[in-house]
Amino acid sequence: MNLEATIQSVVAQSVKTLYNIDIETSQIQIQKTKKEFEGDITVVLFPFAKAARKSPEGAGAEIGEFIVANNTMVSKFNVIKGFLNLSITPSYWLELLNSINADEYFGVKLPSEDADTMMIEYSSPNTNKPLHLGHIRNNLLGFSIAEIQKANGWKVVKTNIVNDRGIHICKSMLAWKLFGNGETPQSSGMKGDHLVGKYYVVFDKAYKAEIKALMEKGMTEEEAKKNAPLILEAQKMLLAWENNDAEVRQLWETMNAWVYAGFDETYKQMGVDFDKIYYESQTYLTGKSEVERGVAEKSFYQRDDSSVWADLTADGLDEKLLLRADGTSVYMTQDIGTAKLRYNDFDIRKMVYVVGNEQNYHFQVLSILLDKLGYAWGKDLVHFSYGMVELPEGKMKSREGTVVDADDLMTEMINTARETSMELGKLDNCAPEEIESIARMVGLGALKYFILKVDPRKNMTFNPKESIDFNGNTGPFIQYTHARIKSVLRKAAEQEINFDAGLNTSLVISEKESYLIQLLSAFPAVVKEAGTEFSPALIANYEYELVKEFNQFYHDFSILKEEDEALKQFRLVLSASVAKVIKTGMQLLGIEVPERM
RNA sequence: GGUCCCGUAGCUCAGCUGGAUAGAGCAACGCCCUUCUAAGGCGUGGGUCAUGGGUUCGAAUCCCGUCGGGAUCACCA
């Protein structure tokens with residue numbers, strides 16, 4: 001039982017004995033005592049002072065006295081306004097620290113065979129262009145959520161649905177065919193995804209020029225968009241693809257292979273991975289047949305032009321297209337097929353889609369459609385919706401060239417980390433490989449932490465300059481603290497100080513120290529809450545608070561020069577425990593922590 | 001127009017299952033490297049928590065209205 005629950009039940013019993021009132025233990029409000037008051041933990045008295053027909057101060061004094069007299073873990077108390085501040089005995093804190101120190105997997109549940117399976121879909125790229133800043137937020141959130149759910153005892157399957165077919169790919173293919181002169185990643189030296197992306201832009205430019213020309217001839221913009229030769233050609237290509245045209249399929253496979261090689265590099269650099277990848281080219285047919293089943297069962301209906309629709313007006317939504325008049329499938333059709341395959345492949349208890357908030361409506365509809373098709377799990381799907389990433393100048397717009405490329409950004413972060421280390425002379429005695437590895441951990445740590453510390457629901461502003469700042473509430477600050485603790489522990493080992501035996505619980509410790517232990521002991525609860533809330537930000541902000549607190553402590557004490565052996569041991573154990581929690585927490589965010597930096 | 005999300009310091013963000021004087025970082029200014037890593041610590045200034053009501057002993061937090069910003073309501077994915 002953790003400290004909070006223990007105090008709750010102690011207070012409930014006191015109130016029962018003193019006033020003969022029954023209170024739900026969960027109704028007793030407990031909080032950490034604010035720094036400006038004496039004590040460790042605070043009970044809010046208002047709720048039951050009234051029931052006891054006492055003033056909050058009077059009830060607080062009586063309860064405080066009773067607890068101190070009857071419970072050995074509380075040494076003293078004070079009452080200020082309606083708050084009862086309790087001081088916990090050092091021996092309790094020391095026992096707590098001993099147990100944290102002894103638990104190698106503190107805060108994390110180990111996987112068990114009979115755990116339920118949660119599938120988490122994230123990334124979900126289109127194969128017509130490279131990954132950008134928006135994908136980075138997606139990938140980092142998806143990976144971190146997977147780690148957090150594992151730590152909460154779920155069996156997690158990370159999955160990616162690659163959008164490898166559709167009109168967007170055909171645009172790149174067509175442009176390459178018309179203007180590419182046989183260019184390949186090998187011949188151009190470009191990363192495959194960047195090369196294909198280049199032709200997507202080429203298409204867009206040429207298409208725009210055609211639209212402009214047609215409008216000058218008197219067409220409306222809408223007509224021009226529909227009748228430009230390039231778009232007609234691309235649509236023809238999509239149809240040819242669906243009809244298994246050998247040449248189109250061949251080109252499609254070649255260009256997608258380039259893109260996958262490029263994506264693999266990006267994912268590897270980012271440190272994310274997947275257990276199972278689905279391709280829409282392999283799932284859309286299932287989607288089609290599911291939609292046809294829906295028509296047969298009268299869940300959906302077919303119009304005169306033979307397009308298929310779902311009528312969702314009963315659910316307060318509009319009508320939704322599921323198959324075009326030419327029989328080709330749309331985004332929604334594919335997601336239906338993918339969902340079916342996934343549930344066939346895995347025993348999924350919970351399905352989570354990490355997809356941007358611009359698709360809130362899509363997932364609302366998907367949930368209803370799956371339900372209409374008779375899938376019990378349709379209603380329960382979770383759309384983990386996150387906000388857009390904006391730049392200080394505004395939104396990213398590919399047309400205006402303000403898209404931040406994922407590969408470029410990661411390289412820049414790593415370079416900056418390396419330069420900063422060099423300037424500070426931090427890594428003067430390190431081998432080149434070690435410098436590289438640390439620069440990578442720190443640069444990517446800065447990027448990941450910068451993005452994950454923000455509440456996912458909110459749109460966030462990404463300032464490239466600020467993200468590279470390594471001061472303040474940043475990943476490197478946390479990594480740095482870890483590295484310094486490790487340095488102290490290395491030196492302790494050199495001096496052959498053994499501090500693993502467990503602590504003498506009669507030590508006297510300061511309030512700052514007991515506060516640190518209290519923070520540490522809160523870690524499992526934070527992990528649990530991050531799991532139910534799907535919130536990496538919760539972990540990130542906890543880590544910062546812990547590290548900030550520890551840094552003040554670190555500044556005040558010279559651990560290895562402490563003469564009192566017992567105190568030295570205690571501070572080493574405390575430091576080691578902080579380092580362990582830092583590391584575990586950062587792992588849940590997908591951030592590596594270096595041993596030195 | 002309908003639906004959903006957001007609005008906290010000059011900037012970027014915490015805090016939101018209601019609790020004590022609303023917190024960090026950046027930016028500005030002033031201190032601290034003969035002291036285990038200064039990517040650090042300490043200090044000063046900076047706020048009508050968009051706004052108006054309501055509920056409550058108590059509201060940044062819950063409810064309603066208003067204003068401002070964003071998303072979506074596609075035979076794009």
Side-chain angles (χ1 to χ4, degrees), chain A residues 26 29 31 33-34 36-37 42 44-47 49-50 56 80-83 85 124-126 128 163 165-169 171 226 235 280 305 307-309 316-318 320-326 328-332 334-335 356-362 364-365 385 387-388 390 392 395 417 420-421 423-426 442 446 450 453-455 457-463 465-467 469-481 483-492 495 529 537-538 540-541 544-545 548 551-552 554-562 571 575 596-597:
Chain A
S26 59
Q29 293 179 56
Q31 51 191 291
T33 302
K34 296 226 168 196
E36 52 270 35
F37 302 106
T42 296
V44 181
L45 297 163
F46 296 102
K50 213 174 193 176
I80 297 168
K81 294 188 185 171
F83 301 91
N85 300 321
S124 313
N126 292 356
N128 62 329
N163 190 3
R165 44 143 266 127
I167 191 75
H168 52 292
I169 318 298
K171 288 178 182 176
K226 278 186 183 167
Q235 280 161 357
E280 284 192 350
D305 66 359
S307 59
V308 174
W309 296 74
L317 304 172
D318 293 331
K320 183 75 194 172
L321 176 82
L322 298 176
L323 284 177
R324 296 190 187 97
D326 64 7
T328 56
S329 59
V330 293
Y331 182 36
M332 187 61 75
Q334 296 159 169
D335 259 359
N357 64 11
E358 72 273 13
Q359 293 190 32
N360 286 353
Y361 181 73
H362 173 82
Q364 203 183 338
V365 172
S385 162
M388 305 195 344
E390 290 166 15
K395 288 177 198 165
T420 307
S421 297
E423 273 169 32
L424 294 169
K426 293 278 184 191
V442 173
F450 188 90
K453 75 173 178 189
V454 180
D455 182 341
R457 282 172 313 188
K458 291 185 178 173
N459 288 357
M460 66 176 291
T461 305
F462 181 84
N463 187 329
K465 278 183 194 139
E466 270 181 34
S467 68
D469 195 344
F470 296 158
N471 300 312
N473 188 359
T474 63
F477 172 52
I478 295 168
Q479 291 169 319
Y480 177 61
T481 304
R484 280 197 319 201
I485 293 174
K486 284 296 184 180
S487 171
V488 171
L489 297 179
R490 274 194 301 272
K491 290 194 169 143
Q495 294 173 26
E529 198 183 342
L538 217 53
N541 287 303
Y544 178 63
E545 195 186 341
K548 192 169 161 50
N551 261 296
Q552 293 166 14
Y554 177 93
H555 191 258
D556 288 350
F557 302 109
S558 211
I559 297 170
L560 291 172
K561 292 188 177 152
E562 175 57 52
R571 287 182 178 154
S575 303
R596 70 186 88 223
M597 66 183 271

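Small disclaimer: the values here were computed from a predicted structure and weren't measured.
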Using ring-ring contact (aromatic ring centres under 6.0 Å, His included) as the criterion, list what pairs up with [X], not counting sequence neighbours.
X: A/Phe462; value: A/Phe450
X: A/His168; value: none
X: A/Tyr361; value: none

Expressed in whole Å, how much space separates the [atom1] atoms belonging to [N] and [M]?
N: B/U8; M: B/U61; atom1: C1'; answer: 11 Å
N: B/A38; M: B/C49; atom1: C1'; answer: 35 Å
N: B/A14; M: B/G58; atom1: P; answer: 30 Å
N: B/G47; M: B/U51; atom1: P; answer: 14 Å
N: B/G68; M: B/U55; atom1: P; answer: 28 Å
N: B/A9; M: B/U44; atom1: C1'; answer: 15 Å
N: B/C32; M: B/A71; atom1: C1'; answer: 49 Å
N: B/A60; M: B/G30; atom1: P; answer: 36 Å

Under a 4.5 Å cut-off applied to non-hydrogen side-chain atoms, are [X] and [Y] in contact?
X: A/Tyr554; Y: A/Val488; answer: yes
X: A/Lys486; Y: A/Arg596; answer: no
X: A/Phe46; Y: A/Gln29; answer: no
X: A/Trp309; Y: A/Leu322; answer: no
X: A/Phe477; Y: A/Asn551; answer: yes
X: A/Ile478; Y: A/Thr481; answer: no

Going by purine N1 to pyrimidine N3 plus the second Watson-Crick contact, or the G-U wobble pair, all under 3.5 Å, which nucleotide sits opposite [N]?
N: B/A59; answer: none
N: B/G18; answer: none
N: B/A24; answer: B/U12
N: B/U3; answer: B/A71
N: B/G30; answer: B/C42
N: B/G47; answer: none

Can you tell me the distance, in whole Å, between the [atom1] atom of [X] and the [atom2] atom of [N]?
X: A/Tyr554; N: B/C42; atom1: OH; atom2: C1'; answer: 17 Å
X: A/Tyr480; N: B/U37; atom1: OH; atom2: P; answer: 8 Å
X: A/Leu424; N: B/A38; atom1: CG; atom2: P; answer: 11 Å
X: A/Leu489; N: B/C36; atom1: CG; atom2: C1'; answer: 10 Å
X: A/Gln479; N: B/G40; atom1: CD; atom2: P; answer: 13 Å
X: A/His362; N: B/A71; atom1: NE2; atom2: P; answer: 19 Å
X: A/Leu317; N: B/G2; atom1: CG; atom2: C1'; answer: 11 Å
X: A/Met597; N: B/U37; atom1: CE; atom2: P; answer: 14 Å

Check the interface with nucleotides 59-63 of chain B: list each N/O to N/O pair with the protein under 3.5 Å, or write none.
none

Produce the list of close N/O pairs, under 3.5 Å, pairing protein atoms with atoms of nucleotides 72-75 of chain B; give distances to one decimal.
unit_1	atom_1	unit_2	atom_2	d
B/C73	O2'	A/Asp318	OD2	2.1
B/C75	N4	A/Asp305	OD2	2.5

Exercise for the section: Identify which nucleotide among B/U37, B/U35, B/G40 has an atom closest to any side-chain atom of A/Lys491, counting heavy atoms from C-beta outward. Expected result: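 Of the options given, the side chain of A/Lys491 lies nearest B/U37.
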Handout entry: Closest listed nucleotide, where the reference is the side chain of A/Phe477 and the choices are B/A38, B/A77, B/G41
Key =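 Between B/A38, B/A77, B/G41, the one nearest the side chain of A/Phe477 would be B/G41.
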Completion exercise
Comparing A/Arg490 with A/His555, nearest RNA chain B nucleotide closer to 5' gives the residue A/Arg490
Problem - A/Arg457 with A/Asp455: basic N within carboxylate O range, under 4.0 Å - result: yes
Problem - Contact state string [nucleotides 11-27 of chain B, B base, S sugar-phosphate only, - no protein heavy atom under 4.0 Å] - result: -SSS----BBS--SSS-
Handout entry: Test item: A/Asn126 side-chain N/O and A/Asn163 main-chain N/O as donor-acceptor pair under 3.5 Å
Key = no
Handout entry: Side-chain donor or acceptor of A/Ser575 paired with backbone N/O of A/Arg571 under 3.5 Å
Key = yes
Practice task
Remember a base hit wins even if backbone is also touched, and classify A/Ile167 as base, sugar-phosphate or nothing at under 4.0 Å, heavy atoms.
Solution key: sugar-phosphate
Practice task
Examine B/C42: is either OP1 or OP2 under 4.0 Å from a nitrogen or oxygen in the side chain of A/Gln552? Give yes or no.
Solution key: yes
Practice task
Check the pair A/Met332 / A/Val365 against side chain to side chain contact (heavy atoms under 4.5 Å, CB included), numbers first and verdict last.
Solution key: CA-CA 9 Å; A/Met332 187 61 75; A/Val365 172; 3.5 Å; yes
Problem - Syn or anti for B/C33 (syn when the glycosidic angle lies within 90° of 0) - result: syn
Fill in the blank from the handout: When rounded to the nearest 0.5 Å, the distance separating CG of A/Leu538 from NZ of A/Lys453 is 15.0 Å
